[in-house]
S.K.: 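My structure is below; once you've seen it, I'll send some questions.
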2 protein chains.
Amino acid sequence: MTTSAEQEGKRRGRRPAGADTKNALIEAARAVFIEQGYEGATVRAIAKRAGVDPAMVNHWFGGKEGLFGQSVLQLPIDPTMFANEISEGDIDTLGERIVRRFLTIWDSSGGGQFSALVRSVASHDMAVQGLREIFLKQIFMRVAAKTGADNAMFRATLVASQLVGMGMVRYVTKFEPLATNDIDTMVAAVGPTIQRYFTGDIG
Amino acid sequence: MTTSAEQEGKRRGRRPAGADTKNALIEAARAVFIEQGYEGATVRAIAKRAGVDPAMVNHWFGGKEGLFGQSVLQLPIDPTMFANEISEGDIDTLGERIVRRFLTIWDSSGGGQFSALVRSVASHDMAVQGLREIFLKQIFMRVAAKTGADNAMFRATLVASQLVGMGMVRYVTKFEPLATNDIDTMVAAVGPTIQRYFTGDIG
DNA sequence: CAAATTTTTCAACTCTTGGTGAATTAATAA
DNA sequence: TTATTAATTCACCAAGAGTTGAAAAATTTG
């Protein structure tokens with residue numbers, strides 16, 4: 001009965017306004033990259049999920065690579081703000097504050113955003129450079145410096161290792177009960193570890 | 001001058017014996033999967049590296065998937081043996097023993113094997129199930145049970161989080177100085193964390 | 001030796017990939 | 001209104017993917 005041209009949403013030409021294709025693509029890309037990784041995710045699958053033609057990826061982002069950078073590689077935090085927030089306050093509760101802040105941020109996306117970042121790092125070398133820059137130099141290194149302890153860089157990497165690992169187990173592999181334990185429980189368990197890495201005796 | 005049939009090493013038919021194609025493929029697969037990830041690694045590239053025809057992958061492993069399982073997903077340790085080794089000895093140095101053992105094992109492949117596993121987990125859901133089974137239930141859970149502490153499963157996941165994180169930073173993102181610090185230094189820094197997760201107060 | 005089997009290469013097939021350019025339609029400017 | 005610009009879809013391409021089946025050569029078996 002219906003010709004292919006009659007079907008709603010398949011007409012050619014510019015859309016009747018209000019349709020934010022760019023954002024739709026970014027959200028779809030996040031989801032698909034999370035589920036499939038960089039290589040596994042296809043431009044076609046992303047476009048389909050966004051309800052848009054695959055050619056739009058090229059039009060708006062210059063290609064798959066560009067879309068990747070504009071979706072997954074965008075952190076949900078402002079590094080400088082993060083560093084400042086956790087720096088101010090009692091130095092003895094620094095570890096607890098960081099763990100709480102870390103989990104609050106990543107929990108808000110159900111862990112998907114964290115998964116995506118790990119996938120990026122695993123399948124895409126360029127992401128590693130970005131992470132090092134942001135996490136280490138802009139955040140942990142800055143915090144470690146404020147404590148005045150020696151071996152600031154080593155301490156920063158130790159902190160990163162525990163936080164990244166906690167994220168892996170909670171968001172990626174989802175080992176129970178760590179994956180669903182409430183934040184307070186996690187703070188009590190992991191906070192002291194971070195605290196020691198920053199201000200304690202590490203050998 | 002030379003016809004294609006004259007060139008050495010390109011004749012058809014069975015090879016002059018002694019050529020262990022299967023193993024050559026497994027080793028090549030490990031290398032390429034490590035460097036490229038599952039999707040990024042091509043059967044052709046693996047075969048070329050092994051000096052063998054791509055069709056051999058199908059012949060010996062039934063396809064790319066099979067080769068993946070027989071190469072990367074093989075852990076370089078025997079879980080039961082590992083659990084026993086670290087269980088025996090002074091319970092107060094349990095943490096140190098685990099860190100030392102963990103690093104010794106994965107350092108031996110230059111970290112590549114660990115990277116590959118992470119890549120698998122990130123791009124291949126089936127690997128997660130395998131990891132949970134092996135790491136948690138067969139190793140850490142068993143050890144945690146021996147200590148007689150409460151919350152054995154929570155403790156096991158905490159241990160896993162710190163070890164996985166250490167592996168991520170040392171082998172995957174390679175943040176310095178943690179990436180190249182010698183094992184003794186790492187044991188001194190991280191050992192106490194593991195020890196506390198197993199036998200200490202975690203909230 | 002002859003027959004059967006195993007191992008290997010080769011060529012080709014099909015499917016999917018990311019990307020391109022023209023055509024089409026809506027929105028906007030003159 | 002008319003002309004211009006922006007947004008979207010479509011059909012198609014070249015490259016590369018994993019896989020397949022037949023042919024060829026070495027080995028093993030009878």
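Everything quoted here is computed from the prediction, not taken from an experiment. Computation of the quantities below employed the complete heavy-atom set of this structure, encompassing side-chain atoms and omitting hydrogens, waters and symmetry-equivalent molecules. We name chains A, B, ... by the order of the sequence lines, and we start the count at 1 in each one.
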S.K.: Whole angstrom is fine here: how far is it from CD in B:E39 over to C1' in D:dG16?
M.R.: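 Atom CD in B:E39 sits about 14 Å away from atom C1' in D:dG16.
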S.K.: Hey, are the side chains of B:L103 and B:R170 touching, using non-hydrogen atoms and a 4.5 Å cut-off?
M.R.: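 Heavy-atom side-chain distance check passes, below 4.5 Å.
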S.K.: Is NZ or CZ of B:K64 both nearer than 6.0 Å to the six-membered ring centre of B:Y38 and within 45° of the ring axis?
M.R.: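 Cation-pi check for B:K64 and B:Y38: passes.
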S.K.: Closer to the 5' end of DNA chain D via nearest nucleotide, is it A:P54 or B:V43?
M.R.: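 The answer here is A:P54.
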S.K.: Would you say the side chain of B:R100 lies within less than 4.5 Å of the side chain of B:D184, judging by non-hydrogen atoms?
M.R.: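 The answer is yes; the side chains approach within 4.5 Å.
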S.K.: Could you state the atom-to-atom distance from CZ of A:F61 to P of C:dG18 in whole Å?
M.R.: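 Interatomic distance, CZ of A:F61 to P of C:dG18: 15 Å.
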S.K.: If I take atom CG in residue A:L25 and atom P in nucleotide C:dG18, what distance separates them, rounded to the nearest angstrom?
M.R.: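 These atoms are roughly 13 Å apart.
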S.K.: Between A:A55 and A:A41, which is nearer to the 5' end of DNA chain C once each is assigned its nearest nucleotide?
M.R.: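 Looking at the nearest nucleotide for each, A:A41 comes out on the 5' side.
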S.K.: OP1, OP2 of C:dG18 versus side-chain N and O of A:N58: anything below 4.0 Å?
M.R.: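 No, outside the criterion.
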S.K.: Between B:S161 and B:Y197, does any side-chain donor sit less than 3.5 Å from a side-chain acceptor?
M.R.: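 There is no such pair between these side chains.
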S.K.: Report the nucleotide, chosen from D:dC10, C:dT7, D:dT19, that has the shortest atom-to-atom distance to any side-chain atom of B:M56.
M.R.: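 For B:M56, the side-chain atoms sit closest to C:dT7.
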S.K.: Between B:T157 (side chain only) and B:M153 (backbone N and O only), is there a donor and an acceptor less than 3.5 Å apart?
M.R.: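 Answer holds: yes.
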S.K.: Between A:K64 (NZ) and C:dT16 (C1'), how many Å, whole number?
M.R.: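 After rounding, the gap between these two atoms is 12 Å.
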S.K.: What is the nucleic acid contact for B:A47, judged by heavy atoms within less than 4.0 Å: base, sugar-phosphate only, or nothing?
M.R.: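 No contact at all - B:A47 keeps every heavy atom at 4.0 Å or more from the nucleic acid.
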S.K.: Under 3.5 Å, which protein N or O atoms sit close to an N or O of nucleotides 13-15 of chain C? Give each pair with its distance.
M.R.:
none

S.K.: Whole angstrom is fine here: how far is it from NE2 in A:H59 over to P in C:dG21?
M.R.: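 My rounded result for the distance is 14 Å.
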S.K.: What is the separation between atom OH on A:Y38 and atom P on C:dT17, rounded to the nearest whole Å?
M.R.: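 For the pair A:Y38 OH and C:dT17 P, the rounded distance is 14 Å.
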S.K.: Within the structure provided, determine whether A:D107 and A:Y171 are in side-chain contact (heavy-atom separation under 4.5 Å).
M.R.: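 Yes, their side chains come closer than 4.5 Å.
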S.K.: D:dA24 P sits how many Å from B:D53 CG, rounded?
M.R.: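 So the two atoms are 16 Å apart, to the nearest Å.
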S.K.: Has A:W60 got a side-chain N or O lying under 4.0 Å from the OP1 or OP2 atom of D:dT8?
M.R.: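 Answer yes for this pair, as a side-chain N or O of A:W60 is under 4.0 Å from OP1 or OP2.
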S.K.: I want to check something: taking the side chain as every heavy atom from C-beta on, are A:V187 and A:R97 in contact at a cut-off of under 4.5 Å?
M.R.: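 The answer is no; the side chains never approach within 4.5 Å.
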S.K.: Can you check the A:I46 CD1 to C:dG18 C1' distance for me, whole Å?
M.R.: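 Checked: the CD1 to C1' distance equals 11 Å.
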S.K.: For B:T21 and C:dT7, is the shortest distance between a side-chain N/O and OP1 or OP2 below 4.0 Å?
M.R.: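 For C:dT7, OP1/OP2 do not have a side-chain N/O of B:T21 under 4.0 Å.
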